[in-house]
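To start, the structure under review is shown below, and the notes come after it.
Each residue takes its place number in the sequence, starting with 1. Side chains are part of it too, since the values below use all heavy atoms of this structure and drop only hydrogens, waters and symmetry mates.
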Amino acid sequence: TQPRPSSQGTAVLAALLKSLPVLLVWGIVLAALAAPLLRMQGDPTSREIYGLLGGICHQLPTRSLFLGYARLGLCARCMALYGGMALPLR
């Protein structure tokens, strides 16, 4: 027979899996904020971030917020949606 995992290890794994969606959404929000900062510094990584976020957001300039002259990685609606999901109610 195989040894059973400790209940403490199982509890840690369960907590991590429960937190994973929130961590993913925080990653999306932080990437949306990092994209314009990187773009203003001339970092080519910003193109990749905009491209990845383009898969979940239309990124229309007329519906987007700007940081300086650079558009956020998500439109205003998606930023509010993902930002709201990043702040879970307890």
Side-chain angles (χ1 to χ4, degrees):
T1 64
Q2 294 180 349
R4 294 181 65 199
S6 70
S7 61
Q8 183 180 11
T10 304
V12 170
L13 181 61
L16 178 64
L17 290 175
K18 183 179 177 183
S19 301
L20 197 58
V22 174
L23 294 174
L24 177 65
V25 172
W26 267 108
I28 291 170
V29 170
L30 292 175
L33 293 172
L37 296 173
L38 292 170
R39 183 175 183 190
M40 287 188 290
Q41 293 178 357
D43 191 327
T45 308
S46 66
R47 287 180 180 238
E48 295 173 16
I49 295 173
Y50 282 115
L52 288 171
L53 294 175
I56 60 172
C57 178
H58 58 69
Q59 299 176 333
L60 295 175
T62 57
R63 297 181 183 172
S64 296
L65 301 172
F66 285 76
L67 186 60
Y69 65 84
R71 171 178 48 81
L72 291 181
L74 296 172
C75 72
R77 179 188 66 184
C78 290
M79 193 65 172
L81 178 73
Y82 288 105
M85 286 192 298
L87 303 172
L89 298 174
R90 298 264 175 199

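Under the 4.5 Å side-chain heavy-atom criterion for grouping Ile, Leu, Val, Met, Phe, Trp and Tyr, L65 is connected to M85 within one hydrophobic cluster.
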Quiz: residues 21-44 side-chain donor-acceptor pairs under 3.5 angstrom, not counting sequence neighbours:
| from | atom 1 | to | atom 2 | distance (Å) |
| --- | --- | --- | --- | --- |
| W26 | NE1 | A86 | O | 2.8 |
| D43 | OD1 | T45 | N | 2.9 |
| D43 | OD1 | T45 | OG1 | 2.8 |

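L17 belongs to a hydrophobic cluster whose other members, connected by ILVMFWY side-chain contacts under 4.5 Å either directly or through intermediates, are L13.
The shortest side-chain heavy-atom distance between I56 and L74 falls under the 4.5 Å cut-off.
L72 contributes atom CG, which lies 10.0 Å from atom SG of C57 (distance to the nearest 0.5 angstrom).
Counting only residues at least two apart or in different chains, side-chain hydrogen bond (donor to acceptor under 3.5 Å, both in side chains) contacts with residues 49-71 are absent.
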